[in-house]
*Asks:* 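My questions will all concern the structure given below.
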Amino acid sequence: MLRKWILLIGGAALTSLILSFFFVNRASEDPMLARKILEQAESGTTEISLSTLTDFDWEKASVYGPYTTVDVIEESLNVEFKGSINGIDFREDIFLLVFAKGNHAIKTVVLSRKVGNYYEKNGMLTPKNDLLIIKK
């Protein structure tokens, strides 16, 4: 009986460990932030301060245009990227804003090109250098 319990607990622990490799440090999509950025862009704003819109801790971010691959994101942010890139590697109708903290991407924001193209002002985005530029 004790042996069965040990095997059951060991199996559950092993399963939890395996699942954590897939879900821990995974970048989650933030559709609410995407909506806030889109609303400002549609109202004519051309510079958006990301720190005023984010409710999570981040250290750096970058915006990626159409046809960007995961390898490019990982190399430019110097992070491990786990999560969805929403097909940006083959789509031309979106930009992807990726936030990172430490060595991991933590949030992604899908930005529609309907309102324009998105760029960083003065290089890599940080909480102190947080202006996202929209060119129509």
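If you read the sequence from its start, that first residue is 1, and numbering goes on from there.
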*Asks:* Could you see if L97 belongs to whatever hydrophobic cluster contains Y119? Use Ile, Leu, Val, Met, Phe, Trp, Tyr and a side-chain cutoff under 4.5 Å.
*Replies:*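 Not linked; separate clusters.
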*Asks:* Counting only heavy atoms not in N103, do more than 12 fall under 6.0 Å of its CG?
*Replies:*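 Counting other residues, nucleotides and ligands, CG of N103 stays at 12 neighbours or fewer.
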*Asks:* Output the distance between atom CG (L77) and atom CZ (F99), rounded to the nearest 0.5 Å.
*Replies:*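 Nearest 0.5 Å value for the CG-CZ distance: 10.5 Å.
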*Asks:* What is the distance from atom OG1 of T69 to atom OH of Y64, rounded to the nearest 0.5 Å?
*Replies:*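 Those atoms lie 10.0 Å apart.
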*Asks:* So N78 and K60, do their side chains get closer than 4.5 Å, heavy atoms only?
*Replies:*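 Yes, at least one pair of side-chain atoms sits under 4.5 Å.
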*Asks:* Applying side chain to side chain contact (heavy atoms under 4.5 Å, CB included) to D130 and S49, what does each step give before you reach the verdict?
*Replies:* CA-CA 5 Å; D130 68 342; S49 172; 2.6 Å; yes
*Asks:* According to a hydrophobic-cluster definition based on side-chain heavy atoms being under 4.5 Å apart (Ile, Leu, Val, Met, Phe, Trp, Tyr only), do I106 and V63 belong together?
*Replies:*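 They do share one cluster, since a chain of ILVMFWY contacts under 4.5 Å joins I106 to V63.
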*Asks:* Test of understanding: clusters of I, L, V, M, F, W, Y form through side-chain heavy atoms closer than 4.5 Å, transitively. Do L96 and I94 belong to the same one?
*Replies:*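 They do share one cluster, since a chain of ILVMFWY contacts under 4.5 Å joins L96 to I94.
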*Asks:* Go through the steps for V79 and H104 under the test side chain to side chain contact (heavy atoms under 4.5 Å, CB included), then give the verdict.
*Replies:* CA-CA 5 Å; V79 297; H104 300 283; 5.6 Å; no
*Asks:* Take I85 and T68 through the test side chain to side chain contact (heavy atoms under 4.5 Å, CB included) and record every step on the way to the result.
*Replies:* CA-CA 9 Å; I85 59 171; T68 302; over 6 Å; no
*Asks:* Can you tell me how far CG of D55 sits from CG of D30, rounded to the nearest 0.5 angstrom?
*Replies:*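 CG of D55 is found 7.0 Å from CG of D30.
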*Asks:* Using a cut-off of 6.0 Å, state whether more than 12 heavy atoms not belonging to K136 lie near its atom NZ.
*Replies:*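 More than 12 heavy atoms, drawn from other residues, nucleotides or ligands, come within 6.0 Å of this atom.
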*Asks:* In Å, rounded to the nearest 0.5 Å, how long is the span from OG1 of T45 to CG of L132?
*Replies:*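 T45 OG1 to L132 CG: 11.0 Å, rounded to 0.5 Å.
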*Asks:* Please set out all donor-acceptor pairs under 3.5 angstrom arising from side-chain atoms of residues 34-43, sequence neighbours excluded.
*Replies:*
residue : atom : partner : partner atom : Å
S43     : OG   : Q40     : O            : 2.7

*Asks:* Heavy atoms only: give me the nearest S112-Y118 pair and the separation to one decimal.
*Replies:*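 Result for this residue pair: O-OH, 2.9 Å.
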*Asks:* Go through it in stages, so that I can follow the logic: the residues are K107 and L33, the test is side chain to side chain contact (heavy atoms under 4.5 Å, CB included), and I'd like the CA-CA distance, side-chain angles, deciding distance and then a yes or no.
*Replies:* CA-CA 10 Å; K107 292 272 185 191; L33 181 54; over 6 Å; no
*Asks:* Hey, does the side chain of E74 reach the backbone of F81 with a donor-acceptor pair shorter than 3.5 angstrom?
*Replies:*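 Yes, E74 side chain to F81 backbone: donor-acceptor pair under 3.5 Å.
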*Asks:* Do you reckon L50 sits in the same ILVMFWY cluster as L111, going by side-chain contacts under 4.5 Å, direct or chained?
*Replies:*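 Yes, same cluster.
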*Asks:* In terms of hydrophobic clustering (I, L, V, M, F, W, Y; side-chain heavy atoms under 4.5 Å; direct or indirect links), are M124 and F95 co-clustered?
*Replies:*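 They do not share one cluster, since no chain of ILVMFWY contacts under 4.5 Å joins M124 to F95.
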